[in-house]
> 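Before we start, here is the structure in question, set down as structure tokens.
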Amino acid sequence: MPELPEVEVVRAGLEPAVTGARVTSVTVFDERSLRRHDGPREDFIDRLTGIRMLAPERRGKFLWIPLSAPASALVVHLGMSGQVLLRDRDTDDPRTRIRLELEHPEHGPLRLNFVDQRIFGSMAIDRLVPTKDHPAQSVPSQVAHIARDPLDEGFDDEHFFAALARRRTGVKRALLDQTLVSGIGNIYADEALWAARVHYNEPTDALSRRAVSLLSEVRAVFARALAEGGTSFDTQYLQVNGESGYFARSLNAYGRQGLPCPRCGRPLVRERFMNRGSHFCAKCQPVRRAA
DNA sequence: CCTCGCTCCTGGTCGC
DNA sequence: TGCGACCAGGAGCGAG
């Protein structure tokens with residue numbers, strides 16, 4: 001499941017390939033992948049064809065490529081199973097929903113396949129709007145309600161702690177709320193909670209200072225995943241061009257139910273929560289109640 | 001305004 | 001061998 005680190009690897013891998021490239025043709029194989037586009041497929045195709053792409057940007061799990069048409073961008077969300085694959089002109093991929101043919105001034109012709117098995121992801125053309133807290137920056141309108149992510153220079157730690165404490169809910173639900181803090185999905189939420197020794201359903205207003213270590217662990221988990229994703233151009237290109245699209249992770253809690261906790265040895269537990277799995281150590285992450 | 005549950009989706013896997 | 005049930009979960013939406 002692509003969360004912030006995976007999306008960032010895609011963004012970085014796309015950057016050298018698409019920046020300055022011109023879109024020569026667009027094919028929409030499945031209109032459901034345009035669910036978030038405001039208009040029919042013809043509108044999407046018309047607005048993209050012939051346009052030039054600028055350097056890709058990201059906030060949380062949202063990725064967008066600003067376009068030469070003023071104040072507009074191609075917004076990409078990978079959803080559960082989305083991939084953006086850079087190919088040569090002759091290569092196709094199963095379950096390609098949208099295809100862009102590009103012409104790059106240096107790299108020549110390039111094919112960009114948007115592949116998505118479960119069609120939770122999407123592409124859309126959207127307008128860019130200034131951000132509230134930093135009007136010199138702009139983001140797509142459909143990203144404007146998303147909070148900054150913890151790797152964003154503009155992320156305000158104290159503001160986050162205050163907003164977290166005001167919530168009347170469990171901490172994992174809060175971590176997954178992209179309007180509070182963006183980029184965290186189910187896997188890295190479980191990993192950060194395990195590292196900070198916090199139970200997933202602990203009330204946010206009971207965290208107190210452990211919220212500080214929780215945010216710190218979120219950043220550490222992201223940093224490790226990014227390090228695994230590689231930072232060289234070649235590695236990034238392989239990710240974007242690769243078969244799976246996602247790099248292998250070393251996980252301590254997620255998906256490890258029944259296996260020993262790497263910290264205390266007690267078998268890890270998996271419970272259903274919010275219609276998905278929560279993986280944790282019942283000893284290291286005991287249930288606590290509000291103070 | 002806030003919280004929470006439902007819905008969208010497909011393909012791999014499992015059990016009968 | 002075939003087929004139905006189940007499972008994975010990000011994000012938007014509407015109910016309360």
Side-chain angles (χ1 to χ4, degrees), chain A residues 1-11 28-38 58-64 75-84 93-98 113-124 126 132 139-150 160 162-193 200-206 218 221-222 225 243-246 248-249 251 253-258 270-280 290:
Chain A
M1 317 335 143
E3 304 182 26
L4 184 151
E6 289 81 4
V7 179
E8 173 56 23
V9 168
V10 172
R11 188 208 64 76
V28 177
F29 298 103
D30 196 323
E31 197 156 14
R32 290 174 297 177
S33 292
L34 292 179
R35 182 172 301 133
R36 296 181 63 105
H37 179 75
D38 185 19
R58 181 192 55 74
R59 173 177 286 193
K61 305 171 197 169
F62 279 87
L63 170 69
W64 67 92
V75 183
V76 183
H77 198 289
L78 301 177
M80 291 289 303
S81 52
Q83 294 172 267
V84 180
D93 294 286
R95 299 190 274 279
T96 297
R97 310 300 182 183
I98 297 171
N113 285 334
F114 179 70
V115 174
D116 191 8
Q117 182 208 121
R118 273 172 272 186
I119 321 188
F120 276 31
S122 64
M123 280 187 158
D126 193 15
K132 287 175 187 168
V139 298
S141 71
Q142 56 188 247
V143 181
H145 69 292
I146 299 295
R148 289 179 185 272
D149 62 65
F160 168 70
L164 188 64
R166 277 197 300 272
R167 289 292 171 102
R168 291 293 174 266
T169 188
V171 60
K172 182 171 177 181
R173 195 184 289 277
L175 287 181
L176 295 177
D177 183 346
Q178 306 296 302
T179 68
L180 181 68
V181 53
S182 68
I184 307 169
N186 197 47
I187 295 173
Y188 295 128
D190 281 1
E191 289 299 305
L193 288 165
Y200 66 85
N201 211 17
E202 178 163 341
T204 53
D205 56 350
V218 167
V221 163
F222 280 172
E243 290 306 311
S244 82
Y246 306 112
R249 305 178 191 83
L251 299 173
Y254 181 86
R256 300 192 71 246
Q257 60 272 18
R270 181 183 191 276
E271 290 181 1
R272 289 296 286 186
F273 176 68
M274 290 178 71
N275 227 11
R276 64 208 65 192
S278 269
H279 312 75
F280 67 103

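Residue numbers start from 1 in every chain, and the chains themselves are labelled A, B, ... in the order their sequence lines are given, proteins ahead of strands.
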> Given side chains that start at C-beta, do those of A:R167 and A:R173 come closer than 4.5 Å, heavy atoms only?
no
> Please give, in whole Å, the distance from C:dA11 P to A:M80 CE?
10 Å
> Heavy atoms, side chains only, cut-off 4.5 Å: are A:V10 and A:V76 in contact?
no
> With DNA chain C as reference, determine whether A:Y254 or A:F62 sits nearer its 5' end, using the nearest nucleotide of each.
A:Y254
> Could you check whether A:G121 gets within reach of a base, just the sugar-phosphate, or nothing at all, counting any heavy atom under 4.0 Å?
nothing
> Rounded to the nearest angstrom, tell me the gap between atom CD in A:Q117 and atom P in C:dG10.
15 Å
> Does a side-chain N or O from A:H77 land closer than 4.0 Å to OP1 or OP2 of C:dA11, or not?
yes
> With a 4.5 Å heavy-atom cut-off, do A:R256 and A:H279 have their side chains touching?
no
> Considering the terminal five base pairs at each end of the helix from B:dC2-C:dG16 to B:dC16-C:dG2, what angle separates the two local helix axes, rounded to 10°?
50°
> Would you mind reporting whether A:R58 and A:D149 have side-chain heavy atoms less than 4.5 Å apart?
yes
> Distance check needed: C:dC7 P versus A:R118 CZ, whole Å only.
14 Å
> Looking only at heavy atoms, what is the nearest atom pair of A:S182 and A:P150, with distance?
O-CD, 3.3 Å
> Mapping A:R95 and A:N275 onto DNA chain B by nearest heavy atom, which one lands closer to the 5' end?
A:N275
> Which two nucleotides bound the region of DNA chain B that has atoms under 4.0 Å from heavy atoms of chain A, read 5' to 3'?
B:dT3 to B:dG11
> Identify the two heavy atoms, one from A:I98 and one from A:S33, that lie closest to each other, and give their separation to 0.1 Å.
CD1-CB, 3.9 Å
> Whole angstrom is fine here: how far is it from CE in A:M274 over to P in C:dG10?
9 Å
> Take atom CZ of A:R173 and atom C1' of C:dG10, then tell me their distance rounded to the nearest Å.
14 Å
> Could you check how far CD of A:Q142 sits from P of C:dG12, rounded to whole Å?
8 Å
> Among A:N186, A:N201, A:T204, find the one that has a side chain to side chain donor-acceptor pair (under 3.5 Å) with A:K172.
A:N186
> Do the side-chain N or O atoms of A:H145 get closer than 4.0 angstrom to the phosphate oxygens (OP1, OP2) of C:dA11?
no
> Counting any heavy atom closer than 4.0 Å, what does A:F273 reach on the DNA or RNA strands: base, sugar-phosphate only, or nothing?
nothing
> Please work out which of the three classes, parallel, tilted or perpendicular, describes the rings of A:F273 and A:Y200, given edges at 30° and 60°.
tilted
> Does the side chain of A:M274 reach to within under 4.5 Å of the side chain of A:R272, using non-hydrogen atoms?
no
> Between A:D190 (CG) and C:dG10 (P), how many Å, whole number?
10 Å
> Side-chain contact, heavy-atom cut-off 4.5 Å: A:W64 with A:Q142?
no
> Quickly work out the A:L180 CG to C:dG10 C1' distance and round it to whole Å.
16 Å
> Using heavy atoms to find the nearest nucleotide of DNA chain B for A:R168 and A:R32 separately, return the residue whose nucleotide is more 5′.
A:R168
